[in-house]
2 protein chains.
Amino acid sequence: MNYMDQALEAARAAAEQGEVPVGALIVSPDRQVLAVSGNRTLGLKDPTAHAEMLVIREACQKLDNERLVGCDLFVTLEPCAMCAAAISFARLSRLYFGAEDPKGGAVENGPRFFQSPTCHHAPEIYGQIGEEESKTLLRSFFAARRL
Amino acid sequence: MNYMDQALEAARAAAEQGEVPVGALIVSPDRQVLAVSGNRTLGLKDPTAHAEMLVIREACQKLDNERLVGCDLFVTLEPCAMCAAAISFARLSRLYFGAEDPKGGAVENGPRFFQSPTCHHAPEIYGQIGEEESKTLLRSFFAARRL
């Protein structure tokens, strides 16, 4: 299973727990999966527990380093401003994301954080990876909530 | 000691541990201090461990709720994009900050997150509280590092 498929699987598992279905994964320079997680804001009662934040924190613990130089992050949805800034602070090398998020995203939308003069490290960015599957997951999750 | 003075004390304690001297505190609607912390990115080896993030997470655990409605956050430096977005997600009511941060701030500088159309909750904002003491702390910390 490729990295984005693993992130999508984490998103699906999050939805089953009633969490917004977003999943993320970090891979090391030697292609080891360091961390994979879905959103857990409700489960952990922590508004900062987006999938990206959880994998960044876990990967840092695993490498015993507050920087993830050479590591790549895969996430099923465009990161928000919180996660984009955390990606920058962690010095991640590449960001692969799925669906765009016009309402809350901060990469292609809103604050476009990586293009801000106050952003001091930007990863290489690859969007629309596994986009359709990510969108379908989010749509059916929110559709079910509106019933 | 007022809330910002307590946050400044946490900033000073952070500097003694070699951390960038920023401190934060959250107070509940009934004026109880729920959490106070300095930056701990190096100590915890966690790039997300800014003072604001740590107090938000601690206060949420204390209230057993992922939202901090009615609570106020005091921080000695203008929050970055990560922390500004987390403040928004946590639904904090008021943000009091010390020194502006032209290099990394996201409230008055850079992405001005709370004014972004992708920001769905903004606190009331009060800047320049304890500003001089916060600036002095940061200046002497970075001056010592450059020796």
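Naming: A, B, ... by sequence-line order, numbering from 1 per chain.
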Requested in this report: Under 4.5 Å, counting heavy-atom pairs only, tell me which of A:N65, A:L63, A:I56, A:D64 racks up the most with chain B.
Outcome: A:D64
Query raised in the report: When you look at CZ of B:R40, are more than 12 heavy atoms from neighbouring residues, nucleotides or ligands closer to it than 6.0 Å?
Result: no
Query raised in the report: For atom CD of B:E131, is the number of surrounding heavy atoms from other residues, nucleotides or ligands below 6.0 Å larger than 12?
Result: yes
Query raised in the report: Does B:R57 reach the main-chain N or O of B:M53 with its side chain, forming a donor-acceptor pair under 3.5 Å?
Result: no
Report task. Name the region of B:L44, side chain, backbone, both or neither, that has any atom closer than 4.5 Å to a heavy atom of chain A. Result -> backbone
Report summary line: chain B shares the most heavy-atom pairs under 4.5 Å, among A:P102, A:C80, A:C60, A:P117, with A:C60
Query raised in the report: Which residue out of B:A49, B:G110, B:A59, B:C83 racks up the most heavy-atom pairs below 4.5 Å with chain A?
Result: B:G110
Requested in this report: Side chain from CB out, backbone as N, CA, C, O: work out which of these in B:T41 comes under 4.5 Å of a heavy atom of chain A, or both, or neither.
Outcome: backbone
Query raised in the report: Should A:T48 and A:D46 be marked as a side-chain hydrogen bond (donor to acceptor under 3.5 Å, both in side chains) after you check the CA-CA gap, both sets of side-chain angles, and the distance that decides it?
Result: CA-CA 5 Å; A:T48 75; A:D46 176 357; 2.7 Å; yes
Query - Residues, nucleotides or ligands: over 12 heavy atoms within 6.0 Å of B:K62 NZ - result: yes
Requested in this report: Tell me, for A:D101 versus chain B, whether the close heavy atoms (under 4.5 Å) come from the side chain, the backbone, both or neither.
Outcome: neither
